[in-house]
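If you're wondering where the values come from, they're calculated on a predicted model, not measured in any experiment. The first residue of the sequence shown is numbered 1, and numbering continues consecutively from there. Each ligand, and each atom within it, is numbered from 1 in the order the structure gives.
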Amino acid sequence: MKILKFGGTSVGSPNAFLKVFDAIISNTDGKCVVVLSAVTGTTDKLLEATNQSIKNLEQSFKILSEVKNKHLDIVNKLFEDNINLDNFVNSIFNDINNRITAYNNLGELTSYNISSVVSYGEILSSRILFELLQSKGVPSQLLDSRELIATDNNYKESKVDYQLTYERFVSKSHIFETKNVFITQGFLGSCNKGKVSLLGRGGSDYSASLFGFFLNKMGHNIEEIQIWTDVSGVLSADPRIVTSSKTIKSMSYDEIRILSYLGAKVLHPDTIKPAISANIPLRVMNTFSHDNSLNTLILGSDKLVTPSINSLILIDNCYELKIFPDSTENGFSTCERIYNLLRNSGNKIYLKIASEEVIKVYLKENPAPLLNITDNISFSVNSISLLAFTGYNVSKMINIIYNSLDIFNLSIVAYTDNCCYLKCSEKFEIEKLNRLHNFVFDNYSQKE
Ligand code: ASP
Ligand code: MG
């Protein structure tokens with residue numbers, strides 16, 4: 001069984017819904033769980049409308065009518081005549097309007113009030129897709145994720161209760177025995193009183209991962225979790241700045257973690273934790289591409305064999321701090337002391353390297369002011385650009401990176417299994433970044 005998750009843009013228009021339909025039909029053998037986000041922009045707008053309800057009711061209604069029209073437009077373009085669905089959309093917006101009016105009367109908003117309105121985004125999108133599958137004769141079933149995912153009662157940003165969720169899944173296990181396409185809502189759960197709760201922004205990836213985790217725990221074979229978006233997988237660099245960035249074929253969970261830590265816009269490691277713990281492969285796919293081979297498979301390192309360099313990241317405007325421990329203190333205890341000081345100050349630390357002779361810390365903000373006033377230590381600070389090549393077993397590929405050092409005025413700072421860190425003492429221009437990307441990846445593909 002596969003889990004397919006579609007983000008907001010994948011259900012952003014009538015045409016997008018049809019692409020989702022195609023993706024479901026061509027990527028599964030019938031049995032799958034489809035986890036949906038709300039139609040693009042809906043969650044933001046419902047949040048805004050709810051927040052406005054206690055300030056400016058008219059503005060709130062205006063936002064809601066835009067959201068309603070967007071949904072009715074999708075419905076009218078997808079179906080010639082679907083009175084039931086029209087009624088469904090209308091009844092939901094009537095309910096939202098009633099709630100908003102009540103909040104206005106009360107003059108205050110609770111976290112539950114917010115989640116009860118915002119949750120309608122996913123309830124709408126999932127129902128539309130369900131009707132589409134029905135209209136095309138595909139055996140399908142709508143699942144209410146509020147009856148499956150159990151959370152605490154921090155409604156707007158709730159935490160999943162794994163034990164209770166497992167019990168809920170088990171109590172409904174018979175449902176999953178049928179050969180159906182199951183459609184469900186991402187982002188939603190409910191607390192033990194049954195009231196709807198939200199898993200935090202971007203929570204649908206987490207939902208997909210949870211469905212994989214619990215179905216796997218119940219003994220279903222989950223081949224993979226597919227995350228469908230509007231880009232072709234995870235790319236070798238930020239495509240907004242590196243024009244020839246290309247799709248990475250496969251990478252490890254660990255690499256995703258480091259990429260995300262360094263600031264790349266990839267799957268958030270927390271949202272894929274359940275999938276990782278069940279060792280389920282993830283695949284990032286593009287709903288809008290005709291070329292389905294352009295996707296990225298994300299697996300445990302134990303399943304990767306060939307060393308690879310996959311991606312390049314530039315962290316502009318950061319700082320290299322060098323601390324020289326004095327002879328009265330052990331270098332490693334100095335390191336710990338300063339590191340805690342810097343971390344508690346909220347500075348983002350990318351990397352630290354410690355030896356008895358020198359401690360180097362690479363960070364986002366200039367640490368000099370803090371160290372000047374708080375500590376009697378000898379240190380120096382340089383403004384630098386930090387670059388990172390991530391991959392798998394990077395140390396085996398290091399010769400390719402070496403060849404670029406002189407040409408691009410770089411030096412290696414450190415490397416780990418999944419990442420090689422480089423620095424440049426001057427600003428690293430975008431044009432140079434493009435050249436470095438092509439230099440390394442062109443070289444590399446010749447060797448592949
Ligand atoms: N619709 C929710 C959001 O925009 C959840 C998601 O899309 O993942 O945050
Ligand atoms: Mg969304």
Peer 1: What atoms of ligand 1 come within less than 4.0 Å of a heavy atom belonging to Glu122?
Peer 2: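 Answer for ligand 1: 1 (N), 2 (C), 5 (C).
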Peer 1: Taking the ring centre of each residue, are Tyr162 and Phe214 less than 6.0 Å apart?
Peer 2: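 Yes, the ring centres sit under 6.0 Å apart.
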Peer 1: Taking Ala49's backbone N and O only, do any of them form a donor-acceptor pair with Ser60's side chain (distance below 3.5 Å, no angle check)?
Peer 2: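 A pair under 3.5 Å: yes.
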Peer 1: State if Gly121 counts as touching ligand 1 under the rule of any non-hydrogen atom under 4.0 Å.
Peer 2: no
Peer 1: Are any of the N/O atoms in Arg201 less than 3.5 Å from those in ligand 1?
Peer 2: yes
Peer 1: N/O to N/O below 3.5 Å, does that happen between Lys5 and ligand 1?
Peer 2: no
Peer 1: Is the count of non-hydrogen atoms from other residues, nucleotides or ligands lying under 6.0 Å from Glu177 atom CD greater than 12?
Peer 2: yes
Peer 1: If you measure only the distance, is there a donor-acceptor pair under 3.5 Å linking the side chains of Thr9 and Asp230?
Peer 2: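 The criterion, which ignores hydrogens and geometry beyond distance, is satisfied for Asp230 and Thr9.
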Peer 1: Is ligand 1 less than 4.0 angstrom away from at least one heavy atom of Gly202?
Peer 2: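 Yes, Gly202 has a heavy atom closer than 4.0 Å to ligand 1.
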Peer 1: If we count only N and O atoms by modelled type, under 3.5 Å, do the side chains of Asn317 and Lys364 hold a donor and an acceptor together?
Peer 2: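 Note: Asn317 and Lys364 side chains miss the donor-acceptor criterion.
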Peer 1: Would a distance-only check, ignoring hydrogens and angles, find a side-chain to backbone donor-acceptor pair under 3.5 Å from Thr110 to Asn113?
Peer 2: yes
Peer 1: With a cut-off of 4.0 Å, which atoms of ligand 1 are near a heavy atom of Ser37?
Peer 2: 6 (C), 7 (O), 8 (O)
Peer 1: For Thr43, take its heavy atoms, then give the atoms of ligand 1 lying under 4.0 Å from any of them.
Peer 2: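 That gives atoms 1 (N), 2 (C), 3 (C), 4 (O) of ligand 1.
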